[in-house]
Amino acid sequence: MLDLNFVRENLPLVEEKLRQRGMNPAEVLRDFASVDAERRQAITAAETLKAQRNKVTEEIAKLKKSGQDASALVAETKNSREKIAELEKSAEDYDARLREILLGIPNLPHSSVPVGKSADDNRLERQWGAPPKFDFAPKPHWELGEELGVLDLQRAVKLTGARFAVYWDLGARMERALANFMLDLHTGEHGYTEVLPPYMVNSDSMRGTGQLPKFAADLFRVPHGEKDFWLIPTAEVPVTNLYRDEVLDGTRLPISLTAYTPCFRSEAGSYGKDVRGIIRQHQFQKVELVKFSKPEDSYNELEKLTRNAEMVLQKLGLHYRVMALSTGDMGPSSAKTYDLEVWLPGQGLFREISSCSNFEAYQARRANIRYRPDGKGKPEFVHTLNGSALAVGRTWVAIIENYQQADGSVLIPEALRPYMGAERITPKKF
RNA sequence: GGAGAGUUGGCCGAGCGGUUGAUGGCACCGGUCUUGAAAACCGGCAUACCUUAACGGGUAUCGGGGGUUCGAAUCCCUCACUCUCCGCCA
């Protein structure tokens, strides 16, 4: 959410940024200016009447205290009650409408973000490594996984349905190994604190990070009594909400947290997309990085966070590139996003494996996460950042496809061997 | 799941339905005193919104929501959370 005063005072800028995102300002902002004016008018009217009532009420108290009759004043005030309720209702209505408009405005892209319509306009920032060379035709992971006996999609359908997976033996072990490897790297070398949050959250948390109310269709809902719980679509939700409605001590910033969690996504509307393999699943695991930063440091922190995610790929020896998403491809809450795309030889393409974003104060304003600069003074909103480091399932895919051998086995990258207790995966039946 | 107790400002802790945004203490900030510090004393110390060129004025907020009343931190209902006891259980 943007700041109301900021939008009011910078309407032309907001409109320009909306156009950069490929949106129609008139549609997004609707009648912002008039609703804003009417809201203030309604508030003033209601408060004026309340001020009058409070004065009369005070008079009544004085009269009663001195033992005098106050029935005339009581009768007078009785009438104003309905009117006040009416005006208050009207003020609330305008307020709700204005808030709805405000919530519908996406974050303003940072000036360094490439302006463009789609993913085609994303800017290549850098590449690392080179694609592995094969003297045979590399296979996609779904074939390798089945042949090796480590990935079982058939039985997952029996257990649950499409877009779920069962991992066996060293396949399961590799998931666990990758999680431990990533967490050890971020906590041991990059200064992050490990967190293990709940995998279900309440609606307030989903609102705090913006999944609700707009994107309920993307989530798994768990009815619980009168209320709902929601399966988290990313650790970003519980971890960012840790500090919801809190004022942090500025001297403690930046706060860097990492969490390994499953992520549940309904993938509504993605029918027919990535149906082969485990690229797009209803449940996958991810190691997430989350930072709470002072505004003046947040872009520096975004660079660091992105490098922290890249380090995982480098240590695993996986070829990748870094893309700065264009204004047309960025998520609505983000001010700037880098995607890491890993090379998948079995499919012959780069595939998103991490997305690192600076939300500036957009999320913090909504979740009410503030800090006190130097431990004193007025609280200000923090900047929040997050990124995957990495999506474990897609890392699993990248290793299987990049390290496949002519004999049908898969070599384990050096860095992962201590966690795997093995150097190679060879075919086995399940 | 059952029974009971509680939730007040950064923290502790008062609060007969009527100048209570809220006594007091701690913490914090400024000052006096001091070579400096401590102590003591004096003063300051919530947030959001509306209004104003500004000074200022106003409204709301005592876990959330609703109700009673001219008027609610105070009474009623409801929900959430915390604590104690019982039951069940990994």
Exercise for review: Write out all pairs satisfying salt bridge (Lys or Arg N to Asp or Glu O under 4.0 Å) with one or both partners inside residues 256-269 of chain A, taking only residues at least two apart or from two chains.
Suggested key: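 For residues 256-269 of chain A, and leaving out neighbouring residues, the salt bridge (Lys or Arg N to Asp or Glu O under 4.0 Å) pairs sorted by first residue read A:Glu267-A:Arg280.
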Point to revise | Contact list for residues 195-206 of chain A, test salt bridge (Lys or Arg N to Asp or Glu O under 4.0 Å), sequence neighbours left out | key: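 Every pair satisfying salt bridge (Lys or Arg N to Asp or Glu O under 4.0 Å) with a residue in residues 195-206 of chain A: A:Asp204-A:Arg207.
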Shorter than 3.5 Å, N or O on both sides, protein versus nucleotides 6-11 of chain B: list them out with atom names.
none

Can you list everything that forms a ring pair (Phe, Tyr, Trp, His ring centres under 6.0 Å) with [X]? Sequence neighbours excluded, please.
X: A:Trp230; answer: none
X: A:Phe164; answer: A:His282
X: A:Phe359; answer: none
X: A:Phe292; answer: A:Tyr243

Practice item. Starting from the 5' end of RNA chain B, give me the residue, A:Thr77 or A:Arg8, whose nearest nucleotide shows up first. Key: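 Here A:Arg8 is the residue nearer the 5' end.
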Check your understanding: Taking for each residue the nucleotide of RNA chain B bearing the nearest heavy atom, is the 5' side occupied by A:Lys62 or by A:Asp36?
Key ->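 Of the two residues, A:Lys62 wins.
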Under 3.5 Å donor-acceptor pairs involving side-chain atoms of residues 81-91 of chain A, not counting sequence neighbours:
unit_1, atom_1, unit_2, atom_2, d
A:Glu88, OE2, A:Lys50, NZ, 2.5
A:Lys89, NZ, A:Asp93, OD1, 3.1
A:Lys89, NZ, A:Asp93, OD2, 3.2

Review point. For residues 238-246 of chain A, which residues have at least one heavy atom under 4.0 Å from RNA chain B?
Key: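 Within this stretch, nothing sits under 4.0 Å of the strand.
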Exercise for review: Return each pair, listed once, that meets side chain to side chain donor-acceptor pair (under 3.5 Å) where at least one residue sits in residues 32-49 of chain A; pairs must be two or more places apart or across chains.
Suggested key: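 Counting only pairs at least two positions apart or across chains, the side chain to side chain donor-acceptor pair (under 3.5 Å) contacts touching residues 32-49 of chain A are A:Arg8-A:Asp36, A:Asp36-A:Arg40, A:Glu38-A:Tyr94, A:Arg39-A:Asp95.
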Study note, to complete from the structure: With sugar-phosphate taken as primed atoms, P, OP1 and OP2 and all else as base, the protein-contact string of nucleotides 55-60 of chain B at under 4.0 Å (heavy atoms; B, S, -) is ---BBS
Review point. Once Watson-Crick and G-U wobble pairs under 3.5 Å are found, how is RNA chain B written in dot-bracket notation, 5' to 3', with | for any base paired to another strand?
Key: ((((((((.[[[..)..(.....]]].(((((.......))))).((((((....)))))).[[[[[..)....]]]]])))))))....
